[in-house]
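Notes follow the structure.
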Number of protein chains: 2
Amino acid sequence: MELDDIDRRIVAALRADGRATYQQIGAQVGLSAPAVKRRVDRLRARGAITGFTALVDPAALGWRTEAYVELFCQGRTSPSTIAAALAKYPEVVDACTVSGEADALIHVMAEDVKHFEQVLERINAERFVVRTKSVLVLSRLLHR
Amino acid sequence: MELDDIDRRIVAALRADGRATYQQIGAQVGLSAPAVKRRVDRLRARGAITGFTALVDPAALGWRTEAYVELFCQGRTSPSTIAAALAKYPEVVDACTVSGEADALIHVMAEDVKHFEQVLERINAERFVVRTKSVLVLSRLLHR
DNA sequence: CCTGAAAGACACTATTT
DNA sequence: AAATAGTGTCTTTCAGG
């Protein structure tokens, strides 16, 4: 599962432009288009590249409220239990277990504050959740 | 800046597969390829779609340590000051101002704990930073 | 705002080195 | 493993409804 220098440059090119043609990438890294394709196929097969997506302005889709929520769970709730429960909420964009007092930190995108409140209430009602602590995003400073 | 139902379906298709052809998308939404292309061009021009990118497994690129850091800043530090300072760090993947005690919340990706520690030290040394509070990511539960 | 057609560019496979 | 050549598909522009 080692990436050589050319692989890294191909990945960088595809991160900068996910719709770049193999020819364009090839010109950047000094390879022919088929050679680039083979490497990209291999990177996907190995799981280094997991997919391609469009980057969307959340506001344009009506997602205007964003928050980070710390989850405090009962005794020894397994990560898989938390993951399974959170997967039900499309508003939960991201979730991870963390060090420190909280058991998990989740990233929520909602249409407005009211919508966020409803989602938070439902998450709070999950059996394993003891309490939550939220911070609302005021403005995005940067995003990569 | 209104998106109709077809626009939303095109965006959904491109979020699911950022390299989908206009023909494929057209088949899904009931439009010809040129019609899809014109809508995508318009969505990009309006800033609804900001770009396309490859989704990469951070571990495959050697990014094995991830953390969220709360920033506590001096008196009235402007968001643009914070943004400008953080833009210098490629390890800062995400940053936003938030409600609550902290002034900002940032998402950091580093090669290992040592690397993270170095980045954190440099951020702590920024003139406007009073103190920071970090949580390390233990395991990712989900990601969309 | 869409469809349909045509030209050019690109992807993909097979072959060769 | 990469370059090249050839075939098929897609993108892109343009004309027309």
Side-chain angles (χ1 to χ4, degrees), chain A residues 1-64 90 109 111-112 143-144, chain B residues 1-64 90 109 111-112 143-144:
Chain A
M1 186 106 170
E2 293 300 307
L3 296 163
D4 67 13
D5 193 56
I6 294 176
D7 286 330
R8 274 187 287 272
R9 288 167 64 194
I10 290 173
V11 168
L14 282 172
R15 297 220 333 148
D17 179 6
R19 280 183 87 89
T21 66
Y22 294 129
Q23 283 190 344
Q24 289 173 327
I25 300 166
Q28 285 182 44
V29 304
L31 246 51
S32 67
V36 174
K37 184 198 183 313
R38 268 199 306 278
R39 280 174 179 264
V40 172
D41 287 344
R42 221 180 47 188
L43 287 166
R44 298 196 66 165
R46 288 192 293 182
I49 293 176
T50 58
F52 295 92
T53 192
L55 298 172
V56 172
D57 175 18
L61 281 169
W63 259 230
R64 303 232 260 350
M109 303 276 283
E111 290 182 20
D112 48 38
H143 187 65
R144 292 196 181 103
Chain B
M1 187 106 171
E2 293 300 308
L3 296 164
D4 67 12
D5 193 56
I6 294 177
D7 286 330
R8 274 187 286 270
R9 288 167 66 194
I10 290 174
V11 169
L14 283 172
R15 295 211 347 139
D17 179 7
R19 280 183 86 89
T21 66
Y22 295 129
Q23 283 189 344
Q24 290 173 327
I25 299 166
Q28 284 181 45
V29 304
L31 246 53
S32 67
V36 173
K37 183 197 182 315
R38 275 190 298 104
R39 279 173 180 264
V40 173
D41 287 345
R42 218 180 48 188
L43 288 166
R44 298 196 66 165
R46 286 192 294 182
I49 293 176
T50 58
F52 295 92
T53 191
L55 299 171
V56 171
D57 175 18
L61 281 170
W63 260 231
R64 303 228 270 339
M109 303 277 283
E111 291 182 18
D112 48 38
H143 187 64
R144 293 198 182 101

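In what follows, chains are A, B, ... by sequence order, proteins preceding strands, each numbered from 1.
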Closest approach of A:Arg46 and A:Glu2, non-hydrogen atoms and distance?
-> NH1-O, 3.2 Å
Return the set of residues passing salt bridge (Lys or Arg N to Asp or Glu O under 4.0 Å) with B:Arg39 (not counting sequence neighbours), or none when no residue passes.
-> B:Asp4, B:Asp7
Give the rounded distance in Å between these two atoms: OH of B:Tyr22 and P of D:dT13.
-> 10 Å
Does the side chain of B:Arg64 reach to within under 4.5 Å of the side chain of B:Asp112, using non-hydrogen atoms?
-> no
So where does chain A start and stop touching DNA chain C, 5' to 3', when the test is distance under 4.0 Å to a non-hydrogen atom?
-> C:dC10 to C:dT13
Gap separating the CG atom of A:Leu31 from the CD1 atom of A:Ile25, nearest 0.5 angstrom | 10.5 Å
From OG1 (B:Thr50) to CG (B:Leu43), nearest 0.5 Å = 11.5 Å
Mind listing the closest non-hydrogen atom pair of B:Thr21 and B:Gln24 along with its distance?
-> N-OE1, 2.9 Å
Not counting sequence neighbours, list each pair that qualifies as a side-chain hydrogen bond (donor to acceptor under 3.5 Å, both in side chains) and has a residue in residues 27-37 of chain B.
-> B:Lys37-B:Asp41
Would you jot down, in residue-number order, the residues of residues 23-46 of chain B having a non-hydrogen atom under 4.0 Å from DNA chain D?
-> B:Gln23, B:Pro34, B:Lys37
Acceptor/donor pairs from residues 51-63 of chain B side chains to any protein atom, 3.5 angstrom cut, sequence neighbours excluded:
from	atom 1	to	atom 2	distance (Å)
B:Thr53	OG1	A:Arg15	O	2.7
B:Asp57	OD1	B:Ala59	N	3.3
B:Trp63	NE1	B:Met109	O	3.4

Enumerate the residues from residues 3-17 of chain A whose closest heavy atom to DNA chain D is under 4.0 Å, giving them by residue number; use none for an empty result.
-> none
First locate atom CG of B:Leu3, then atom CZ of B:Arg9, and finally report the distance between them rounded to the nearest 0.5 Å.
-> 14.0 Å
